[in-house]
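A short worksheet on the structure shown next.
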Amino acid sequence: MSILVQTNQLVKQFKDHKAVDSVNLKVEKGDVYGFIGQNGAGKTTTIRLLLGLLSPTSGGVELFGDKIFNTNIHKYLPRIGAMIETPGFYLNLSGAENLDIHRLMMKVKDKDSIQRAMKIVHLEDVGKKKVKEYSMGMKQRLGIARALLHNPELLILDEPTNGLDPRGIIEIRDLIIDIAKKHGKTVLISSHILDEVERMVNKIGIINKGKLLAEGHKEELIGGHGKSLVYKVDNIDKAVEIIRDNHLFDGEIKVEENSFFIFTDNDTLNSKITKLLVENQINVYESKIISPSLENYFLELVEKGEV
Amino acid sequence: MKYITLELRKIKKTSMSYIIFLFATLPILLMLLLHITSDEINKEFYTIIANYSVIITMCLFTVSIILANYIITREYQESTIIYLFIAPVSRKKILASKFGLLFLILFTLSIFTYGCIFLLNVMLGEVNSDIFARYVAACLSGAFLFFLLMPLIVAIALWRKNFISSMLISLVMLIFTSPFMFTQNFYAFPHLIPMAVSNNMLMTDNKLDINYPLAFLILALVGCLFTFVSVRLFEKKE
């Protein structure tokens, strides 16, 4: 499979702050790549480096298999559509007029491309409305339309759900899934909203304090992380002792303030443990199976990184 | 030319259109008002124009400062600059299109204002070929020399990236140094040269003593220096 984006030991240093530290990320054709990290982790700086908006301190960027320099970046920009943070528009102009300016800047001759892009993001009826009258969600969708206008192979969306209400977040999420599936685009999406990213992507890169902590297919990363059973009981020490004495689980049991965790993929163990605890007069307030999630994986990875 | 048209489209329906119209008509109305309210001795229309020509040049300079600051800083303040930079167009070309728009508007505005005042002169006073030549010289020299100052204004706008801040710097620079225009040392303030030259073109007596080649050389150097600075600032990846 061809590689559309690759960075090699990419570093960006601002005075004494390393915003991006030896990042090696790889986005293959057809990927919906979730680039996740907390605010200030280095996501936007990395994206700016990919688009040639910043020059790297060291390391390099490869786009569509070629090394990128200041001199050749313009050759690859027509193959990329991007939306970076809050999308900026000429507020005095309509949505369609804004897209037309971008069309001419991107050297697209086909005027119908504006209507097509507006249709994909469901803004075809408000094209003549001035952008200053658009809601935040409409602006985000118009930003995606602008990124799609010149029919790029690769779509880079930086925090596309920023500042949106829950309904707006769902709309944008569905839109991105639709663009990736129906229109066959490769998408690199950065976000700090893990739950949303998890639903959209097939590949994940986790960045923290400028360092890429993990990268791989979603199933490999999260799936390999395993499930956990959680219990809230009135006497944790006694409960753990009972489980150990009955040899129901010999692995690590993690104890927290008012609950304990058992890391296992064996779902049937949950009912056995609950039954055993009740039989031994332990009050079980809550017992549940926690499936592996990006959130848990991310938190654990970040905590490990900080240690 | 395509990108200059785009720049023109960007300022369509903004307050800038009204500001340009206001500053284009303001000197015409003021000259008319001065003619109506002047006493009999100074009633000759051309004398009024020659005596108060600084109003015309001040208006032209002010509107060009406002426009130059606006077309640069709004791209940064409205975050549209990123989308210009990720287009396959060189940054030099984008900046050149902005200078192109300034050139176009400055010349159109200058021709419109001086043209209207000349027509008023035809209607309200006497004109001859010498007066016509003076109007043409004032109009073209003013517009051309002001244009040589635009890189300085653009460099300030690119340095500040904020409309209010860069406007304050530009206007303070203009206001506090304008009294020097009537001294021998005005060459030290290159932005006063276009006003002085343009006024001299219209004046019949009490002309300022200007060394025209030196004035042009100073402005050309300022223009070149700040074009270089503007390009460096615009191409800086930060």
Side-chain angles (χ1 to χ4, degrees), chain A residues 12 14-15 19 44-45 47-57 70-94 96-109 130-132 139 142-143 146-147 149-150 152 154 156 158, chain B residues 1-21 66-67 69-101 105 157-158 161-163 231-238:
Chain A
K12 182 65 192 176
F14 297 107
K15 290 179 183 167
T44 301
T45 308
I47 286 176
R48 282 171 178 261
L49 287 163
L50 297 181
L51 292 166
L53 291 167
L54 286 173
S55 297
T57 308
N70 281 341
T71 46
N72 71 348
I73 180 85
H74 284 158
K75 190 175 150 193
Y76 300 96
L77 287 174
R79 298 169 72 179
I80 305 171
M83 184 176 86
I84 300 168
E85 289 180 303
T86 315
F89 295 103
Y90 303 103
L91 302 177
N92 54 307
L93 302 179
S94 68
E97 284 171 324
N98 268 280
L99 293 195
D100 197 36
I101 287 179
H102 191 66
R103 178 183 72 82
L104 292 165
M105 291 301 292
M106 296 306 291
K107 300 174 181 173
V108 177
K109 286 184 182 154
K130 280 187 182 177
V131 175
K132 68 178 167 194
K139 281 183 191 167
L142 187 65
R146 175 167 57 191
L149 183 90
H150 52 290
L154 170 68
I156 298 179
D158 184 21
Chain B
M1 198 60 204
K2 183 176 85 176
Y3 298 117
I4 296 174
T5 319
L6 272 188
E7 288 298 327
L8 201 59
R9 278 170 65 180
K10 286 182 199 172
I11 61 166
K12 195 178 78 174
K13 297 178 208 161
T14 61
S15 52
M16 205 43 56
S17 328
Y18 304 112
I19 289 171
I20 292 171
F21 179 73
I66 296 171
L67 183 66
N69 276 308
Y70 180 75
I71 63 170
I72 297 291
T73 55
R74 81 173 298 207
E75 302 277 11
Y76 290 92
Q77 289 186 287
E78 292 176 12
S79 302
T80 47
I81 196 78
I82 291 169
Y83 299 94
L84 298 181
F85 288 165
I86 59 170
V89 179
S90 79
R91 294 190 183 193
K92 280 192 189 87
K93 212 177 235 182
I94 296 169
L95 190 61
S97 67
K98 292 191 182 290
F99 278 120
L101 176 76
I105 291 186
L158 285 170
K161 296 185 175 72
N162 177 289
F163 183 71
V231 171
R232 288 296 296 267
L233 287 170
F234 202 60
E235 291 203 317
K236 197 174 171 187
K237 295 189 172 184
E238 54 190 354

Below 4.5 Å from any heavy atom of chain A, which atoms of [X] appear? Answer side chain, backbone, both or neither.
| X | result |
| --- | --- |
| B:Ile94 | side chain |
| B:Lys236 | neither |
| B:Ser90 | both |
| B:Glu75 | side chain |

**Request:** Might you confirm whether atom CZ of B:Phe21 has over 12 heavy atoms from other residues, nucleotides or ligands at distances under 6.0 Å?
**Result:**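 No, CZ of B:Phe21 has 12 or fewer neighbouring heavy atoms, counting only those of other groups under 6.0 Å.
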
**Request:** Verify the distance criterion only: is there a donor paired with an acceptor across the side chains of A:Asp158 and A:Thr44 at less than 3.5 Å?
**Result:** yes

Which portion of [X] sits near chain B, non-hydrogen atoms under 4.5 angstrom:
| X | value |
| --- | --- |
| A:Ile84 | both |
| A:Lys75 | neither |
| A:Phe89 | backbone |

**Item:** Lys/Arg N to Asp/Glu carboxylate O, B:Glu78 vs B:Lys10, below 4.0 Å
**Value:**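 Judged by the 4.0 Å cut-off on N to carboxylate O distance, B:Glu78 and B:Lys10 do not form a salt bridge.
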
**Request:** Hey, could you give me the CE/CZ distance between B:Met16 and B:Arg74, rounded to the nearest 0.5 Å?
**Result:**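 Result: 8.5 Å between the selected atoms.
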
**Asked** Quick one: CD1 on A:Ile80 to CD1 on B:Ile86, what's the gap to the nearest 0.5 Å?
**Response** 8.5 Å

**Request:** Run the ring-centre check on B:Phe85 versus B:Phe234 and record whether the distance is less than 6.0 Å.
**Result:**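 Close enough - the centres of the two rings lie under 6.0 Å apart.
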
